[in-house]
Amino acid sequence: MSFTNQEKSSIAPRRWALRGDLLDFTAAPAWGDTESPAVRFDRDHWLLIEDGRIVGRQAAEPDASWARKDHAGQLVLPGFIDTHVHCPQLEVIGSYGTELLDWLQRYTFPAERAFADPARSRAGAEVFLDALLASGTTSAVVFPTVHKVSAEALFEGAAARGMRLVTGKVLMDRHAPDGLRDDVEQAERDCVDLIDRFHGRERLAYAVTVRFAPTSTPEQLAMAGALCRADASLYMQTHVAENRAEVAWVAQLFPQARSYLDVYECVGLVHERAVLAHGIWLDAADKRLLAERGAQVAHCPSSNLFLGSGLFDWPGAEFNVSLASDVGGGTSLSLPRNLLDAYKIQALRGARLTAWAALHAATRGAAEALRLGGEVGGLSAGQAADLCVWDWARGPVAEARDAAARELHERVFAWMTQADERNLAACYVAGQRRV
């Protein structure tokens, strides 16, 4: 039996097998290593899936008890994990001519204000989540807006699609326009209610979400830290050290803090489930602290280039590094496009980012940093069948380059630099086809 005409939203058989060129990682590749024992590549193999989870992989064709989906000659990767992206900012992607702080005032905040409308929040979440899947991203750590309903819409939309999603209502009680500020007491009540309703339900998790230090009073930051201390299973997401003007502003607002990161550390927000976006302008002490706490920096290469924020020192990172699109500061939800920008950033710094280090950070590395390695980020038995099938090449230029590749890293690197969402042939979430 087969289901070669499987439709986007139909129910997959309980037991089915997918054929293709399987690529994932068993460990973290060493920086600069193009021939890594951490890479697991099984050309023309079958991935066995039962009740939405991977149960094995093999070269031999499975017996007749397995339904089959044949993607022979196509690349099969774990679904990408985008560790920092803004749902309400799709409409301001590619906005012209500003750096971070002006960009927020001119483009971002007006777009986010509209999400006070529940219908607008739901419609925005639907478009956003479908766009993630169409880009090959099956798990994400997402910023909604300050409005409680925007987080509700994301949670409900992700649950309907079976996605692994981490999000939480944005905290922002100062230095923001009317319609985008909350207050400490109401924000805490909203967070507690959302945690009670969604955290740990299905594949959802709550993140205490501080926009960034300047838009929260010390009292609100203290409340956010108290939420994290009360439940160690909660995530925390925020921004840190993205732009030099922003770093200077934080120093003015928090003169008692040793650094921007120290503002968060002093209230208990830097911990093993903390996801801090950007981290370009960190000093040596900051880097050591992130490593000690087990926190991660979500590297946002497209955004950093587009907004002119700076060049992230990836080889110098002592902490967990994952990959993120940061749309709308970034210019594409496609993580392959962002990986290409990550390579360019390291080249400008005099370093070379391999396809292995890049792809690991967008799959297994991100999953492990999120403490979700047993569930997502790979193609191993026991993990959720969150996976994407990609054409190795689309179009005459990419096809010529692919045909000339002499070894595996060369071929995968060429794919990474040439591919985007147009290469996506299929996307499966917990074994169900979504694209």
Side-chain angles (χ1 to χ4, degrees), residues 51-54 78-85 87 121-122 125-126 128-129 132-133 137-171 187-210 223-238 268-276 293-296 298 320 322 324 363-364 366-378 380 382-386 428-432 434:
D51 293 330
R53 291 201 170 266
I54 297 166
F80 286 128
I81 303 167
D82 189 336
T83 55
H84 179 72
V85 59
C87 169
S121 278
R122 294 189 191 96
E126 295 289 306
F128 171 78
L129 293 169
L132 284 182
L133 294 172
T137 295
T138 55
S139 300
V141 182
V142 183
F143 265 65
T145 69
V146 72
H147 314 103
K148 181 182 179 183
V149 67
S150 70
E152 292 171 328
L154 276 170
F155 278 130
E156 291 164 358
R161 292 161 176 79
M163 297 173 70
R164 164 54 76 177
L165 193 87
V166 180
T167 193
K169 187 203 100 66
V170 173
L171 301 174
E188 183 176 22
R189 288 192 292 271
D190 288 346
C191 288
V192 170
D193 179 63
L194 290 166
I195 291 165
D196 289 344
R197 290 164 55 203
F198 295 107
H199 184 59
R201 170 190 155 197
E202 300 181 37
R203 304 182 71 191
L204 309 175
Y206 195 83
V208 176
T209 302
V210 176
M223 181 272 287
L227 288 174
C228 289
R229 287 192 297 274
D231 185 348
S233 71
L234 294 175
Y235 290 91
M236 191 286 295
Q237 62 174 339
T238 191
L269 291 173
V270 184
H271 52 76
E272 67 174 16
R273 291 175 181 265
V275 183
L276 299 108
R293 294 286 183 268
Q296 67 175 294
N320 298 316
S322 56
T363 56
R364 181 188 174 108
E368 290 182 339
L370 291 169
R371 275 57 186 174
L372 295 172
E375 180 193 351
V376 295
S380 294
Q383 292 182 302
D386 292 355
Y428 298 89
V429 178
Q432 298 295 322
R434 298 296 177 182

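Just so it is clear, the values below take in all heavy atoms, side chains as well, and ignore hydrogens, waters and symmetry mates. For clarity, every value in this text was computed on a predicted model and none was experimentally measured.
At least one donor-acceptor pair under 3.5 Å links the side chain of Thr167 to the backbone N or O of Val142. For Lys169 (side chain) and Val146 (main-chain N/O), a donor-acceptor pair under 3.5 Å exists by modelled atom type. Judged by distance alone, the side chain of Ser150 and the main-chain N or O of Pro144 form no donor-acceptor pair under 3.5 Å. Between the side chain of Tyr235 and the backbone N or O of Leu370, at least one donor-acceptor pair lies under 3.5 Å.
Taking the side-chain contact (heavy atoms from CB on, under 4.5 Å) definition, one finds that Glu126 meets it with Arg161, sequence neighbours left out. Under the rule for a side chain to side chain donor-acceptor pair (under 3.5 Å), Gln383 has no partner lying at least two apart in sequence or in another chain. Checked against ring-ring contact (aromatic ring centres under 6.0 Å, His included), Phe128 has no partners two or more places apart in sequence or in another chain. Here His199 pairs with Ser233 under the side chain to side chain donor-acceptor pair (under 3.5 Å) rule; sequence neighbours left out. For Ala153, the side-chain contact (heavy atoms from CB on, under 4.5 Å) partners are Ser121, Arg122, Ala125, not counting sequence neighbours. By the side-chain contact (heavy atoms from CB on, under 4.5 Å) test, Ala385 pairs with Ile49, Ile54, Leu387, sequence neighbours left out. Glu375 is linked by a side-chain contact (heavy atoms from CB on, under 4.5 Å) to Arg53, Arg164, Arg203, Leu372, Ala384, counting only residues two or more places apart in sequence or in another chain. Shown here are the salt bridge (charged side-chain N to carboxylate O under 4.0 Å, His left out) partners of Arg371, two or more places apart in sequence or in another chain: Glu272. Checked against salt bridge (charged side-chain N to carboxylate O under 4.0 Å, His left out), Asp193 has the following partners two or more places apart in sequence or in another chain: Lys148, Arg197. Residues satisfying the ring-ring contact (aromatic ring centres under 6.0 Å, His included) criterion with Phe198, sequence neighbours excluded, are Phe155. Remark: Asp190 engages Gln186 in a side chain to side chain donor-acceptor pair (under 3.5 Å) (not counting sequence neighbours). The side chain to side chain donor-acceptor pair (under 3.5 Å) search around Thr83 returns Ser322, not counting sequence neighbours.
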Subject >> Step-by-step side chain to side chain contact (heavy atoms under 4.5 Å, CB included) determination, Val270 to Met236 >> reply: CA-CA 8 Å; Val270 184; Met236 191 286 295; 5.7 Å; no
**OP:** Could you go through the side chain to side chain contact (heavy atoms under 4.5 Å, CB included) check for Arg273 and Leu234 one step at a time?
**Re:** CA-CA 7 Å; Arg273 291 175 181 265; Leu234 294 175; over 6 Å; no
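Contact of the Val376 side chain with the Pro78 side chain is not registered, since no non-hydrogen atoms from C-beta on lie closer than 4.5 Å.
Here the shortest heavy-atom pairing between Asp386 and Ala430 reads OD1-N, 2.7 Å. For the pair Thr363 and Ile81, the tightest heavy-atom approach, listed with the atom from each and the gap, is O-CD1, 3.3 Å. Across all non-hydrogen atoms, the minimal contact from Leu204 to Ala158 is CD2-CB, 3.9 Å. Closest approach of Gln237 and Thr209 over heavy atoms only: NE2-OG1, 3.0 Å. Contact record, Ala140 with Leu132: CB-CD1, 3.9 Å, taken as the closest heavy-atom pair. Here the closest heavy-atom approach between residue Gly162 and residue Val429 is recorded as O-CG1, 3.2 Å.
Arg434 contributes atom CZ, which lies 11.0 Å from atom CG of Leu129 (distance to the nearest 0.5 angstrom). Atom SG of Cys87 is separated from atom CG of Leu154 by 4.5 Å, given to the nearest 0.5 angstrom.
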